[in-house]
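Have a look at the structure below, then the notes.
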Amino acid sequence: MYFWNYEAECMHPDELRALRDWRLVKTVRHAYENVPCYRRKFDEIGLRPEHIRGVADLPKIPFTTKDDFRENYPFGMFAVPMDQVVRVHASSGTTGKSTVVGYTRNDIALWAELMARTLGAGGTTKGDVVQNAYGYGLFTGGLGAHYGAEKIGASVVPISGGNTKRQIQIMQDFGSTVLCCTPSYAVLLGETAREMGVDVRRLPLRVAFLGAEPWTESMRREIEESLGIDALDIYGLSEVIGPGVSYECMEKAGLHINEDHFIAEIIDPETGEVLPPGTKGELVFTTLTKEALPLLRYRTRDLTYLEPEPCKCGRTFVRMHRVMGRTDDMLIVRGVNVFPSQIESVLMEIEETEPHYLIVVDREKGALDTLEVWVEVSPQIVSDEVRSLETVEQKIASELHSALGISVKVKLVEPKTIARSEGKAKRVVDRRDLYNGS
Amino acid sequence: MGVKQLSVFLENKSGRLADVTRALAQANINIRALSIADTIDYGLLRLIVDNPERARAALTDAGFTVALTEVLAIEVPDKPGGLANIIDILAKEGINIEYMYAFVGRSGEHAIVIFRIERVDEAVPILREKGVRILTGEELQSL
């Protein structure tokens, strides 16, 4: 078994409990004193920071949601002045505004530590060559994995996503031993290598850390066989810190949550009630040490359960099962979070389009996800020339691309062909089978 | 000066063209000419019919999206070089043709070609000056 930080990851449960109690009290005070949003939530129900004396008091605290980020866009959730913020990242919001997160210098150091644990759990050491094919930029994946690998002392190849043939070339030439990317991209790399006549199983590549989107055990088998590696699941979300929230060890039996820095709860998404270990529900996180963006009971909308039994690896951190679904309609396409409401608000802005649309997500075998948006034509769009229809298609596609950050294929369809249903319309068809067989 | 053309948006799926022709038949509309411009996902069916307004109403009722545009119906001598003369005139004036398609004529001496061109207002007097006959809607109906 591999460990980056044995003392932390295998901390005695009693010691962990005491540490978490103390850190929670501090975080609650920090959040209450410095973030008006938290102060308001506490004051509304007459809750005082001193009422929270440890993890047992956690259920008294109101939940935080993505809406809080939207209402306090861009920096209103930050608990430190901007002169202490050394980095910002952003992810998709439910509408036009993205979810913005910030880091102090200590937060960045913490993040690197957590990603070092993640990569270390798969045996990454300073002798490794880490090919980091997560996207660099506002997305947390690229820089998150980068800092973790650098902290370990590995040689990082910051290749970012895309340009798949070049990825294979570099993997061969540089002798990459560790790969970081989304699971669907790992599948594509395998297919592309095969097309190029490269047998990745004969290359030095040994392990991959795959996350940012849901995947299944059957995908794991496929990736492990085609690349000749161990494929480990990693989990994170930018609101909590980014990748590094939880990670698999070589047992591949669920993801260890970094419990010395985060508290995980599973709640009933309808009632908000905390569910006992082993019961499936919505995952909720509270941060314990973050400075710029302390989070209290943040609802991830991810469905999973916590595995109470200790892991064979020796880590005392609780494990979460791989994500089993969502409580909202968020889609993850090529590692990018997409809300149908974002697509709708773009279409509403374009005057030629009707508000009737259908989102079709698919994944061809060995290829990346495709996102199609079907839009019903309106009399304003149709003319006698194909060119004007194509212009409208391109206009919608480019607006969607800039709003979502990923390319979208727009397909014009005849009016009334998208089913109208009583009440809530069915807006999404997801043909990928992401949450089954896991 | 032009004649009215219907453009119908059709998804590329079987039976859609039949739905159009059936709707027109039920409304007792006669199709005089048609052409289809297509892409991978959809096509535009362009139609010249004996009663464009009634045809549009019938197709809209049947759930189709229809646009009405004016196009030119030009009489072309049914002999070698007949079409070339007309296109030469447009080319010399630098007027682009967006699309064109032929019409089923009855006389045998002339064919009728539907033109959609740029800068119609400039083109029509020039064509007339060169002796080209441009049919009106009424003339077309009476053929």
Side-chain angles (χ1 to χ4, degrees), chain A residues 343 347 350-362 364 367 369-401 407-421 425-427 429 431, chain B residues 2-20 23 33-49 52-53 55-73 96-101 114-118 120:
Chain A
I343 292 174
L347 294 177
I350 298 175
E351 50 184 303
E352 296 96 334
T353 57
E354 303 270 330
H356 300 298
Y357 63 93
L358 185 71
I359 298 162
V360 181
V361 193
D362 207 348
E364 301 282 321
D369 299 341
T370 57
L371 178 61
E372 272 190 5
V373 177
W374 296 12
V375 181
E376 286 189 1
V377 296
S378 63
Q380 297 103 284
I381 305 183
V382 172
S383 77
D384 60 326
E385 289 181 70
V386 170
R387 198 193 306 159
S388 66
L389 289 167
E390 285 174 341
T391 306
V392 173
E393 271 184 334
Q394 280 156 13
K395 180 178 172 188
I396 300 171
S398 96
E399 297 277 327
L400 285 171
H401 188 180
S407 60
V408 175
K409 181 184 179 338
V410 172
K411 183 177 164 180
L412 296 178
V413 298
E414 286 177 25
K416 311 272 189 305
T417 50
I418 293 170
R420 314 296 199 259
S421 53
K426 182 151 176 60
R427 293 294 188 205
V429 175
R431 295 180 181 146
Chain B
V3 299
K4 281 181 175 154
Q5 169 193 263
L6 299 167
S7 301
V8 187
F9 180 88
L10 291 178
E11 271 178 67
N12 284 354
K13 53 189 185 193
S14 57
R16 287 312 275 160
L17 187 54
D19 294 337
V20 172
L34 62 80
S35 87
I36 294 179
D38 65 336
T39 70
I40 293 170
D41 295 320
Y42 57 83
L44 272 179
L45 172 66
R46 302 181 185 123
L47 294 163
I48 303 291
V49 298
E53 291 298 343
R56 171 156 78 169
L59 289 171
T60 307
D61 287 348
F64 290 99
T65 311
V66 184
L68 265 185
T69 346
E70 293 228 328
V71 291
L72 293 181
N96 286 324
I97 299 168
E98 306 283 355
Y99 57 81
M100 52 185 278
Y101 53 100
I114 302 294
F115 278 85
R116 171 83 146 101
I117 57 175
E118 285 180 343
V120 180

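As a basis for the values below, the full set of heavy atoms in this structure was taken, side chains included, without hydrogen atoms, waters or symmetry mates. A note on names: the letters A, B, ... follow the listed sequences, proteins ahead of strands, and every chain is numbered from 1.
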The interface call for B/Q5 against chain A, heavy-atom contacts under 4.5 Å, is side chain
Applying a strict 4.5 Å limit to non-hydrogen atoms, the region of B/I40 in contact with chain A is neither
Turns out that what part of A/I381 lies under 4.5 Å from chain B's heavy atoms comes down to neither
Cut-off 4.5 Å, heavy atoms of chain B, and the answer for A/E390 is both
Stepwise side chain to side chain contact (heavy atoms under 4.5 Å, CB included) test for A/I350 and A/E399: CA-CA 9 Å; A/I350 298 175; A/E399 297 277 327; 3.9 Å; yes
Counting heavy-atom pairs under 4.5 Å with chain A, the top scorer among B/V66, B/L45, B/L44 is B/L44
Are B/F64 and B/F9 an aromatic pair, judged by ring center distance below 6.0 Å? no
(Q) Using salt bridge (Lys or Arg N to Asp or Glu O under 4.0 Å), reason through A/K409 and A/E393 one step at a time and then give a plain yes or no. (A) CA-CA 9 Å; A/K409 181 184 179 338; A/E393 271 184 334; 5.6 Å; no
**Asked** Going through the checks in order, is the side chain to side chain contact (heavy atoms under 4.5 Å, CB included) test met by A/I359 and A/E372?
**Response** CA-CA 6 Å; A/I359 298 162; A/E372 272 190 5; over 6 Å; no
Run the side chain to side chain contact (heavy atoms under 4.5 Å, CB included) test on B/V49 and B/L6 for me, step by step, so that the C-alpha distance in whole Å, both residues' side-chain angles and the decisive distance to 0.1 Å come before the verdict. CA-CA 8 Å; B/V49 298; B/L6 299 167; 4.0 Å; yes
